[in-house]
Asker: 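Can you read through this structure? Questions will come right after.
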Protein chains: 2
Amino acid sequence: MSNRVRIADVAAAAGVSTATVSRALSSPGVVGAETRERVMAAVLATGYRINGAARDLRMQQPRAILVLAPNLANTFFSRIIAAIQDVARQAGLAVQISDSRAGTEVLEAIVQSGRADGILLLDGALPPDMVRNWTLPVMQLCEWNDGYALPGLRIDNSAAARVAVDHLADLGHGHILHVAGPPENVLSHMRQAGFDAAMSARQLSAVVHDGGFTIAAGAAAAHVWADMAERPTAVFTASDECAFGFISECYRLGFRVPRDVSVIGFDDVDFAGHFIPPLTTIHQPRARLGRKAAERLVGALLNGAPLGTGYELIPPHLVVRESTAALPR
Amino acid sequence: MSNRVRIADVAAAAGVSTATVSRALSSPGVVGAETRERVMAAVLATGYRINGAARDLRMQQPRAILVLAPNLANTFFSRIIAAIQDVARQAGLAVQISDSRAGTEVLEAIVQSGRADGILLLDGALPPDMVRNWTLPVMQLCEWNDGYALPGLRIDNSAAARVAVDHLADLGHGHILHVAGPPENVLSHMRQAGFDAAMSARQLSAVVHDGGFTIAAGAAAAHVWADMAERPTAVFTASDECAFGFISECYRLGFRVPRDVSVIGFDDVDFAGHFIPPLTTIHQPRARLGRKAAERLVGALLNGAPLGTGYELIPPHLVVRESTAALPR
DNA sequence: CAGTTCTATGTAATCGATTACATCAGCCTG
DNA sequence: CAGGCTGATGTAATCGATTACATAGAACTG
């Protein structure tokens with residue numbers, strides 16, 4: 001701690017009491033003009049910086065919300081976090097972020113440090129026992145886990161898969177590959193379940209390949225697809241990144257999208273509309289998701305009310321671009 | 001504040017003193033086994049959650065570092081922030097993030113809240129007067145501003161531009177377009193200055209177009225390029241995103257990269273290697289930059305030593321992929 | 001068994017800012 | 001001019017956890 005200057009030091013330098021210094025700083029209107037200037041000068045001269053811990057202790061207000069995301073380097077989260085930041089800022093709350101995969105002891109230490117008053121949880125793969133024991137308000141966002149028994153917000157993933165299948169079927173595709181996400185992930189399950197249900201409802205020929213959300217997983221899936229005896233004419237991938245990898249690798253293998261295969265992604269990340277070809281994909285309203293979740297949590301923190309248990313499901317929205325085309329007949 | 005349970009309540013419930021509760025929680029070894037269990041039971045029964053402000057006040061340790069970035073939704077920052085998070089975590093510090101473009105009053109409020117003990121500043125366009133007045137340790141990272149008079153870390157941007165020009169010149173390109181970044185940005189200036197210097201040193205024909213770091217800016221630049229009477233045979237863009245936009249739009253206009261024009265980007269974002277074609281670009285070691293900057297700041301905070309004024313320049317590194325090719329002669 | 005050491009626990013000071021309440025000077029009013 | 005009012009400032013309690021120091025009892029030693 002380099003900051004050895006306390007409010008008492010400023011008071012001494014200005015020849016006033018600590019109360020006056022505090023008032024001059026936080027409600028300048030109530031101290032005399034001349035006094036205020038002396039205080040300000042003393043603040044500058046001493047290099048005073050407020051001690052946030054002392055202030056927060058005395059003020060007894062919530063201070064920060066903690067965002068836990070499985071992979072901070074993932075571009076999917078950045079826009080969500082930006083929206084959260086925006087809401088929190090307006091409420092005077094700091095936003096603290098942490099990688100939820102840092103290890104359970106580390107995570108527990110962070111959560112139990114008491115520095116955050118509420119949590120926005122973007123990871124559905126933490127040990128439910130640990131999460132259930134957390135005694136602060138927690139909102140689930142995007143990913144989730146029924147074992148947590150927590151309120152949350154997400155898009156309707158299985159409905160989204162259905163919308164994707166509908167779109168491809170309407171274009172005449174009857175043999176469709178789903179490149180699924182990582183096997184242990186809830187989103188993977190829901191998207192695959194929606195795909196399976198929609199496909200069998202329409203009695204179409206479905207193939208599922210366990211992939212992942214990454215570019216590399218998509219590229220690998222391209223080889224699997226290319227090696228198939230009867231190649232599906234359309235592919236629904238578990239994420240945009242996966243779709244990018246799939247399409248890039250197809251290109252390298254000599255195939256063209258959508259000429260040789262139609263591709264639908266998932267997420268509608270910033271880049272999706274600028275890809276070659278522009279990607280047809282399920283839109284995730286990331287800013288809105290982040291904003292709504294943050295508003296609910298912040299609201300609960302501010303008036304001390306419980307979060308409730310409600311789960312909100314946002315209906316899916318398909319953005320049709322150029323990576324999907326009608327099957328030539 | 002829903003958390004009305006204090007350590008005294010737990011102590012009462014367990015029939016011990018507050019000191020014993022505190023000890024049972026933070027150094028379980030020194031309290032008797034039977035007492036410890038009573039305390040733990042009381043903690044559970046009361047739903048006790050520690051008050052971080054009180055603890056931090058008493059402990060007098062630094063608590064958090066604040067990361068200020070101009071656009072949290074930008075994918076460039078996410079990996080840097082992940083690295084920072086990693087370093088901070090190991091030092092027991094929280095990472096707080098905020099959008100540096102939130103407005104000066106808002107920013108000032110955040111910085112002066114005393115909740116953070118040090119700052120990592122990724123924005124070179126804040127008012128120097130404001131930044132110079134900050135009394136906590138600040139490190140500049142990637143972007144910078146000489147007016148801040150602060151220590152920092154970044155890659156050598158003008159040297160990087162030179163490396164890009166060298167590469168293109170070696171491939172036989174003598175007429176090169178630079179799509180510059182936003183006019184008011186330091187990075188734009190340094191990269192353009194390096195470009196200009198390298199080009200005139202080799203007596204090549206340089207054209208500069210004011211662009212931006214975005215996909216849209218790159219796409220717009222593609223039209224400018226296409227409309228030129230004598231089209232440059234190579235393009236050096238100010239960012240990867242800009243390069244993506246340029247290449248995508250060229251494709252749409254019927255041109256092919258690198259057949260019709262070679263393109264070099266800047267940053268080497270995750271996607272660069274998977275683009276079509278894989279992008280030749282200047283690599284920014286984002287994780288390393290974040291890590292080193294965080295280590296220096298955290299180190300200073302932990303032992304109360306000043307940051308010093310040293311500025312570290314990381315030498316550039318060109319990653320050659322497939323978006324650049326030799327000029328057919 | 002008196003004296004010493006050790007273990008477990010309690011008492012109370014402490015961290016630094018905020019603010020209710022007290023005080024005081026100056027001014028106004030009838 | 002006494003009494004009341006206003007505005008500026010000071011005094012001291014307060015927020016909740018930690019921990020130096022004190023204490024009491026148990027265990028051990030010669």
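Quick note: numbers below take in every heavy atom, side chains included, and nothing from hydrogens, waters or symmetry partners. All chains are named by letter (A, B, ...) in the order of the sequence lines, taking the proteins before the strands, and each is independently numbered beginning at 1.
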Asker: Quickly work out the A/Arg38 CZ to D/dG10 C1' distance and round it to whole Å.
Answerer: 13 Å

Asker: To the nearest angstrom, how far is B/Asp56 atom CG from D/dT19 atom P?
Answerer: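 Computing the B/Asp56:CG to D/dT19:P distance gives 12 Å.
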
Asker: May I ask you to evaluate whether B/Tyr48 reaches the phosphate of D/dA17, defined as a side-chain N or O under 4.0 Å from OP1 or OP2?
Answerer: yes

Asker: Rounded to whole Å, please give me the gap between CE in A/Met59 and P in D/dT14.
Answerer: 18 Å

Asker: Looking only at side-chain N and O atoms, does B/Arg6 come under 4.0 Å of OP1 or OP2 in D/dT14?
Answerer: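 Answer is no, no contact under 4.0 Å.
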
Asker: Going by modelled atom types, is there a donor-acceptor pair between the base of D/dT14 and the side chain of A/Arg58 at under 3.5 Å?
Answerer: yes

Asker: Tell me whether the guanidinium CZ or amine NZ of B/Arg154 lies under 6.0 angstrom from the six-membered ring centre of B/Tyr311 and within 45° of its axis.
Answerer: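 Satisfied, under 6.0 Å and within 45°.
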
Asker: Please check if the side chain of B/Asp9 supplies one atom and the backbone of B/Arg6 the other of a donor-acceptor pair under 3.5 Å.
Answerer: yes

Asker: So which nucleotide from D/dA12, D/dG10, C/dA17 ends up closest to the side chain of A/Thr20?
Answerer: D/dG10

Asker: Using a 4.0 Å cut-off on heavy atoms, which residues in residues 23-35 of chain A reach DNA chain D? List them by number, or say none.
Answerer: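 Contacting residues: A/Arg23, A/Val30, A/Val31, A/Gly32, A/Thr35.
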
Asker: Give one of base, sugar-phosphate or nothing for A/Val21, where a contact means two heavy atoms less than 4.0 Å apart.
Answerer: nothing

Asker: Less than 4.0 angstrom from a charged side-chain N to a carboxylate O is my criterion; do A/Arg89 and B/Asp99 meet it?
Answerer: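 Answer for the salt bridge query: no.
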
Asker: Starting at CZ of A/Arg55 and ending at C1' of C/dT19, how long is that distance when rounded to a whole Å?
Answerer: 12 Å

Asker: Check the distance between D/dA17's P and B/Arg4's CZ and give it to me in whole angstrom.
Answerer: 11 Å

Asker: With the threshold set at 4.0 Å, does a side-chain nitrogen-carboxylate oxygen contact exist between B/Arg49 and A/Asp117?
Answerer: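 Salt bridge absent between B/Arg49 and A/Asp117.
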
Asker: Is it true that a side-chain atom of B/Ser22 and a backbone atom of B/Ala19 form a donor plus acceptor pair closer than 3.5 Å?
Answerer: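 Pair absent, no side-chain N/O of B/Ser22 close to backbone of B/Ala19.
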
Asker: Taking the nucleotide of DNA chain C with the closest heavy atom to each, which residue, A/Ala54 or B/Thr18, is nearer the 5' end?
Answerer: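 Nearest nucleotide further toward 5': that of B/Thr18.
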
Asker: Would one find a side-chain N or O of B/Gln60 under 4.0 angstrom from OP1 or OP2 of C/dG16?
Answerer: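 Checking C/dG16 against B/Gln60, a side-chain N or O does come within under 4.0 Å of OP1 or OP2.
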
Asker: Could A/Asp270 and A/Arg286 be called an ion pair, given the rule that one side-chain N must be under 4.0 Å from one carboxylate O?
Answerer: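 Result for this pair is yes, salt bridge flagged.
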
Asker: What's the CZ-P distance between B/Arg36 and C/dA8, to the nearest Å?
Answerer: 10 Å

Asker: With respect to the side chain of B/Ala19, which nucleotide from C/dA17, D/dT19, D/dC15 is positioned closest?
Answerer: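 When the side chain of B/Ala19 is considered, D/dT19 is the closest of C/dA17, D/dT19, D/dC15.
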
Asker: Quick one: pull up CZ in B/Arg23 and OG1 in B/Thr35 and give me the separation to the nearest 0.5 Å.
Answerer: 10.5 Å

Asker: Need one value for A/Ser22: base, sugar-phosphate or nothing, where a base atom within 4.0 Å counts as base even if backbone is also close, heavy atoms only.
Answerer: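 Base, at least one base atom sits under 4.0 Å.
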
Asker: Can you tell me how far C1' of C/dC15 sits from CD1 of A/Ile50, to the nearest Å?
Answerer: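 In whole Å, C/dC15 C1' and A/Ile50 CD1 are 14 Å from each other.
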
Asker: How close or far is atom C1' of D/dC15 from atom CG of B/Asn51, stated in whole angstroms?
Answerer: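 It is 8 Å, rounded to the nearest whole Å.
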
